[in-house]
Amino acid sequence: MAEITLKEYAGRHGKAPVSVRQLAQRGGFRTAHKIGRDWVVDEHEPYPDDRRVKPSEVINREAMGGLTRTEQNSIARGERVRRLSKWGDNTLTFGRLWERLTPSLIDTCTPEQLAQIVDLLKEAYDDGVAAGRDE
């Protein structure tokens, strides 16, 4: 993992350095941390897309007609978590990990926290598989 300054990261992603620094200060990056007074981040970390997901972006109009507003919002929330998770591009893996989350956990955590939990579940699974190979 190669770390770069936030200024360099901002340049690579076409963002203003002040915006990237503010995002890091708010906890918007998984790998950002301070070394002394300077912020650094993993050079491969994607720039987060924090736009809200609308139910209509995930569900077609015909399907939306049969769902309550709460159900529509729940699906949109799951989609936001999928976009934030490292495993969001792998639909099958993400779906299996998402199924393990309890409804109370989904209701009380932010999408960012849920994405982090999903990623930790996958890491724990991978660690278990690796430990099984070592024996």
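In plain terms, the two heavy atoms of Glu45 and Tyr9 that are nearest each other are O-OH, 2.8 Å. Ala115 approaches Val81 most closely through the heavy-atom pair N-CG1, 3.7 Å. Residues Val41 and Ala32 approach most closely at CG2-N, 4.1 Å, considering heavy atoms.
Separation of atoms CG (Leu97) and CG (Leu114) is listed at 12.5 Å; rounding is to 0.5 Å. How far CG of Leu105 is from CZ of Arg100: 14.0 Å, rounded to the nearest 0.5 Å. For the atom pair OG (Ser85) and CD1 (Ile117), the distance works out to 11.0 Å, reported to the nearest 0.5 Å. Distance CG/Asn90 to CZ/Arg96: 10.5 Å, rounded to 0.5 Å. Remark: Leu23 CG to Phe29 CZ distance equals 4.0 Å, nearest 0.5 Å.
Contacts classified as ring-ring contact (aromatic ring centres under 6.0 Å, His included) and involving residues 97-127 (residues at least two apart or in different chains) are given here: Phe94-Trp98.
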May I have the list of side-chain donor-acceptor pairs in residues 10-21 shorter than 3.5 Å, sequence neighbours left out?
{"unit_1": "Arg12", "atom_1": "NH1", "unit_2": "Glu43", "atom_2": "OE1", "d": "3.0"}
{"unit_1": "Arg12", "atom_1": "NH2", "unit_2": "Glu8", "atom_2": "OE2", "d": "2.8"}

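For the pair Asp42 (side chain) and Glu3 (backbone), a donor-acceptor distance under 3.5 Å is absent. Arg80 places no side-chain N or O within 3.5 Å of a backbone atom of Pro111 that could act as its donor or acceptor partner. With hydrogens and angles disregarded, a donor-acceptor distance shorter than 3.5 Å links the side chain of Gln113 to the backbone of Thr110. Side-chain N or O atoms of Thr93 include none that pairs as donor or acceptor with a backbone N or O of Trp87 at under 3.5 Å.
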Report task. Evaluate the side-chain contact (heavy atoms from CB on, under 4.5 Å) criterion for residues Gln25 and Trp39: first the C-alpha distance (whole Å), next the side-chain angles of each, then the deciding distance (0.1 Å), finally the verdict. Result -> CA-CA 9 Å; Gln25 290 170 334; Trp39 282 92; 3.9 Å; yes
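The environment of CG in Asp127 is crowded: more than 12 heavy-atom neighbours from other residues, nucleotides or ligands sit within 6.0 Å. Counting non-hydrogen atoms of neighbouring residues, nucleotides and ligands closer than 6.0 angstrom, the CD atom of Gln116 reaches no more than 12 such neighbours.
Look at Lys122 and Asp126 and you find a salt bridge, because one of the NZ, NE, NH1 or NH2 atoms lies within 4.0 Å of a carboxylate O, short of that distance. For Glu112 and Arg30, the salt-bridge test fails: no basic side-chain N is under 4.0 Å from an acidic carboxylate O.
In the hydrophobic cluster analysis, where Ile, Leu, Val, Met, Phe, Trp and Tyr join through side-chain heavy atoms closer than 4.5 angstrom, Leu84 is grouped apart from Ile106. Neither Leu101 nor Ile75 shares a network with the other; the hydrophobic side chains, linked directly or stepwise wherever heavy atoms of I, L, V, M, F, W or Y lie under 4.5 Å apart, form separate groups for each.
Under the side-chain contact (heavy atoms from CB on, under 4.5 Å) criterion, Thr70 pairs with Thr68, sequence neighbours left out.
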